[in-house]
Amino acid sequence: MDSLEEIFRRALKSKIFRNREKLLPDYVPEALPHREEEIRKIASVLAPSLRGEKPSNLFIYGLTGTGKTAVVRYVLSRLEASARESGQRVRAIYVNARYRDTPYRVLADIGEGVGVSIPFTGLSTGEIFARIVKKASDAGVIYIVVLDEIDFLVKRRGDDVLYKLTRINGELRSSKVSLIGITNSVDFIESLDPRVKSSLGEVELVFPPYNAEQLKDILSMRAREAFQPGALEEDVIPLCAALAAREHGDARRALDLLRVAGELAERGGAERVRKEHVMKAREEIERDRVVEVIRTLPLHGKLVLLAVISTTAGGRTHTTTGEVYDKYKLLTRRLSLETVTLRRVSGILAELDMLGVISGRVISKGRYGKTRVIELSADLSALLRALSEDITIGELTEEVGREALGKRDSLRRREGEEGR
DNA sequence: CCTCCACAGGAAGCGCAGGAGT
DNA sequence: ACTCCTGCGCTTCCTGTGGAGG
């Protein structure tokens, strides 16, 4: 019987993908190659929860894309399954502090995991805390709270909440809470209040970066599930692995590359994924990132960025804070806007640096002061395109862009002529 | 060796918008 | 209608500092 479903399925059948979702960052695979040891270690730390004992707090450190989150989620889902079987009440609560970077939102998420509904905003953190304690106290559950990218929370709000959380067990009756902190910032642990540090770091675990060989294994394994057999040319996986290995062995980056390369191949109607698709994917990922970062920038952030572009136009590759500020003032005057202070611009530049749009390092020029030397670290045309999306500064961007690109091109031409 | 530049970057606080509770 | 809370973009005021020039 040829049902409609059959027709649709044939129409939907991709030559490239079998199951694209297996390459998405939040997919937790059922095997995590080269992380067997970490898995066993975490499992053994958490195992006491199955007997109703509170597991030690755990602190995990490792660069982005080293599998921290995946490993923790994997172990927790196995743990919860095993607890269900044995009738022990174990509940995992996962919070990512990068996106929930205020004590309020972190507590709100924990509250939700515990089963209290908490409004989007409006309560004091103390109030939420009290509600959580009230709800959880007699539930007789072992809660395992994962605070992923915990540094984002502490960097911006201090370790107050953490301190409270590490002491929550004193206020609970039959329930227990143990914490798993995850971070990719090395100096984070040192910045903590010693009391928090010793409590959170009862057990510590370091995830080393993957090397190119290991990345290849990971990619191959995922590719088997995600792609049609033979859809990848031989050199695709090694290339993705090599590119990602260059970026501190970031497996997430490697998987993104592979997925986007596949999407490009499919969109382009190619039979197989080739090297060129990977290279194009790399550009596209970078461009998307830049556009996204810039879209969410406040107006003066965009203007400061424009000033950086303008002052690095032409043969100059770098500029300084003072120069940028002067240029920024000129630009705001053109638009008859108020200017922000130098302090704020300095802060904006630091943010842009963190976002990877510019890169700067603080140097001292002795008698001539100390400043941040800045250069653009994202692609110029991608930046300009993203900035011109903003209505207020669109025209100005085009003007600066013409200037910057024009100078760059004429410089290239001149170099070309001299070369002859 | 000391000075002093040109900023870095911490701390406190302000006005506003958005949302909740009462 | 009113109060209270938070996040945000920002200001004000501040202390800190690497090293060229005196």
Counting only side-chain heavy atoms from C-beta out, which of [options] sits nearest to [X]?
X: A:Lys370; options: B:dC7, C:dC10, C:dT11; result: B:dC7
X: A:Arg343; options: B:dC7, C:dC10, B:dG9; result: B:dG9
X: A:Arg367; options: C:dA20, C:dT11, C:dG18; result: C:dA20

Q) Taking NZ, NE, NH1 and NH2 as the nitrogens, is one of them in A:Arg316 or A:Glu323 under 4.0 Å from a carboxylate oxygen of the other? A)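 Yes, A:Arg316 and A:Glu323 are salt-bridged.
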Q: Between A:Ile363 and A:Thr296, just flag the one whose closest nucleotide in DNA chain C comes earlier from the 5' side.
A: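 Upstream on the strand: A:Thr296.
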For [X] and [N], what is the distance between atoms [atom1] and [atom2] respectively, to the nearest whole Å?
X: A:Arg344; N: C:dT11; atom1: CZ; atom2: P; value: 8 Å
X: A:Tyr328; N: B:dC7; atom1: OH; atom2: P; value: 16 Å
X: A:Glu323; N: B:dC5; atom1: CD; atom2: C1'; value: 16 Å
X: A:Leu299; N: C:dC8; atom1: CG; atom2: P; value: 18 Å
X: A:Ile374; N: B:dA6; atom1: CD1; atom2: P; value: 16 Å
X: A:Lys365; N: B:dA6; atom1: NZ; atom2: C1'; value: 8 Å
X: A:Tyr325; N: B:dA8; atom1: OH; atom2: C1'; value: 15 Å
X: A:Tyr368; N: C:dG18; atom1: OH; atom2: C1'; value: 15 Å

Q. Does a donor on one side chain and an acceptor on the other come within less than 3.5 Å for A:Thr69 and A:Asp148?
A.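 Present: a donor and an acceptor within the cut-off.
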Q | More than 12 heavy atoms from other groups under 6.0 Å of NZ on A:Lys22 | A |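 Above 12, so yes.
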**Q.** Phosphate-side-chain proximity, A:Ser346 and B:dC7, N/O vs OP1/OP2 below 4.0 Å
**A.**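 For B:dC7, neither OP1 nor OP2 has a side-chain N or O of A:Ser346 closer than 4.0 Å.
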Q. Under 4.0 Å: is that the gap between some side-chain N or O of A:Thr321 and OP1 or OP2 of B:dA8?
A.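 Yes, A:Thr321 has a side-chain N/O under 4.0 Å of OP1/OP2 on B:dA8.
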(Q) A cation-pi test, strictly: NZ or CZ of A:Arg35 under 6.0 Å from the centre of the six-membered ring of A:Tyr210 and no more than 45 degrees from its axis. Yes or no? (A)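 Flagged: A:Arg35 positioned over aromatic ring of A:Tyr210.
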Q. Below 4.5 Å, heavy atoms only, C-beta onward: do A:Val290 and A:Glu286 meet side chain to side chain?
A.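 Yes, at least one pair of side-chain atoms sits under 4.5 Å.
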Q: For DNA chain B, determine which residues of residues 386-395 of chain A have any heavy atom closer than 4.0 angstrom to one of its atoms, and list them numerically.
A: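 None, since no heavy atom is under 4.0 Å.
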Q) Reckon A:Thr339 touches a base, only the sugar-phosphate, or nothing at all at heavy-atom distances under 4.0 Å? A)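 The answer is sugar-phosphate, as A:Thr339 gets under 4.0 Å only of primed atoms, P, OP1 or OP2.
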**Q.** Sugar-phosphate, base or nothing in reach of A:Arg372, heavy atoms under 4.0 Å
**A.**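 Answer is sugar-phosphate: A:Arg372 comes under 4.0 Å of backbone atoms only.
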Q. If you round to the nearest 0.5 Å, how far is CD of A:Glu149 from OG1 of A:Thr64?
A.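 Reported to 0.5 Å precision, the distance equals 8.5 Å.
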**Q.** Atom pair CZ (A:Arg259) and CG (A:Leu264), whose distance is rounded to the nearest 0.5 Å
**A.**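 A:Arg259 atom CZ to A:Leu264 atom CG measures 10.5 Å (nearest 0.5 Å).
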